[in-house]
Amino acid sequence: MMETPTADQFNELAMAAERYSKLFYERGAALAYGTFDEEISEDEIVSLSIHLSNANNEAWDLSLGTEGLFVLSWLHEQPAFCLAREALGFVPLDQDKGWQPRFEQIIRRWAARKKRHGGTLVWSIERESKKFLTYLSGIAKAAHGYITKRRVRAAIDGPEKIEKIKSLLTEIEQLLAAEWIPENHRKNLLRLINTSKAIDLLENQEIISTPLSRRNDNDLPARLMASEIIRLHHELFSATHKRAVFHLMGMAFIERPLEMRTIERLAKAEKDRLSQSCDRRNP
């Protein structure tokens, strides 16, 4: 049995999906320019699928790095993670063929269009190949927040700190209104600090994720992690997938696994939050 990864190792995997996009585009960049007006032959389709499969493999390995690969191996040893992966429908690839057959299918659909652009193809394949890595990075990010207690600090102290920052920004704006400050300096200071823009940002955007539960008890770290995974599921699948969340909360480093009824309450709270957010955007 492998040793549980450290917070830093989880953080490396948390950044993998972002790194992957850049690395994959660098390796598939030759296809991102120009249009393909002529018919694409069978040999060209196969060649493209192999090229992009190789680009994907290189980008995958480089984006994970040694630490990310360690965490990935550890996750695959966790029955809780394997059950969650199956519940979400992630099917392991054929180890011999990898992504090449799936990429070939995408290329054939793309090749059947009247107007084709290489950039569209690269984007379609990157979106398909990145989904599982995006999920892995999201789980690793939630695990990092759990282990470091950052999510707990944000939930307990965050709202008060945000209000304090807004108060200080308002005070700075008031101080800069002093008549003895030369007008040119006042304008330069306001431009550099831009207090009004900073206050608007704090008031109108979610600088820290509003926790679905902030009751400060022994289960708060687990509830916050479960809430983060529920939001990840909504982003990727437009569903809470409560059963998968329940499985993931059984991973080895979780000190107090949550009951299903708690996860159901968190899932409902997230749906209510999304509904309210939609109502505010579309009054």
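Quick note: numbers below take in every heavy atom, side chains included, and nothing from hydrogens, waters or symmetry partners. Note that this is a predicted model, so its numbers are computed, not measured.
Ring to ring, F70 and F10 are not that close: their centroids are 6.0 angstrom or more apart. Remark: aromatic rings of H247 and F81 are distant, center separation not under 6.0 Å.
Between L13 and E67, every side-chain heavy-atom pair lies at or beyond the 4.5 Å cut-off. I254 is listed as a side-chain neighbour of M249, based on a closest heavy-atom distance under 4.5 Å. Using a 4.5 Å cut-off on side-chain heavy atoms (C-beta onward), R27 and H51 make no contact. Counting heavy atoms from C-beta outward, F24 and I125 have side chains that approach closer than 4.5 Å. In this structure the side chain of M15 never reaches within 4.5 angstrom of the side chain of S137, judged on heavy atoms.
Look at E264 and K242 and you find no salt bridge, because none of the NZ, NE, NH1 or NH2 atoms lies under 4.0 Å from a carboxylate O. Between E235 and R231 there is no salt bridge, since no side-chain N of the basic residue sits under 4.0 Å from a carboxylate O of the acidic one. Under a 4.0 Å N-O distance rule, the pair E42/R108 qualifies as a salt bridge.
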From CA spacing to verdict: side-chain contact (heavy atoms from CB on, under 4.5 Å), N188, R191: CA-CA 5 Å; N188 285 334; R191 177 177 56 82; 3.6 Å; yes

Check against side-chain contact (heavy atoms from CB on, under 4.5 Å), E255 and N218: CA-CA 9 Å; E255 296 175 4; N218 291 333; over 6 Å; no

E270 and R265: CA distance, side-chain angles, deciding distance, salt bridge (charged side-chain N to carboxylate O under 4.0 Å, His left out) verdict: CA-CA 9 Å; E270 175 63 8; R265 285 199 298 270; over 6 Å; no

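With Y135 as reference, H233 is the one residue of R85, K130, H233 to meet the side chain to side chain donor-acceptor pair (under 3.5 Å) rule.
A distance-only check finds no donor-acceptor pair linking the side chain of S47 to the backbone of D43 [under 3.5 Å].
Linking ILVMFWY side-chain heavy atoms closer than 4.5 Å, directly or via other members, places I106 and V46 in two distinct hydrophobic clusters. Each of Y20 and L23 belongs to its own hydrophobic cluster when Ile, Leu, Val, Met, Phe, Trp and Tyr are linked at side-chain heavy-atom distances under 4.5 angstrom.
Other residues, nucleotides and ligands contribute over 12 non-hydrogen atoms within 6.0 Å of the CD atom of E44.
Residues W60 and F132 come closest through the heavy atom pair CH2-CD2, 4.1 Å.
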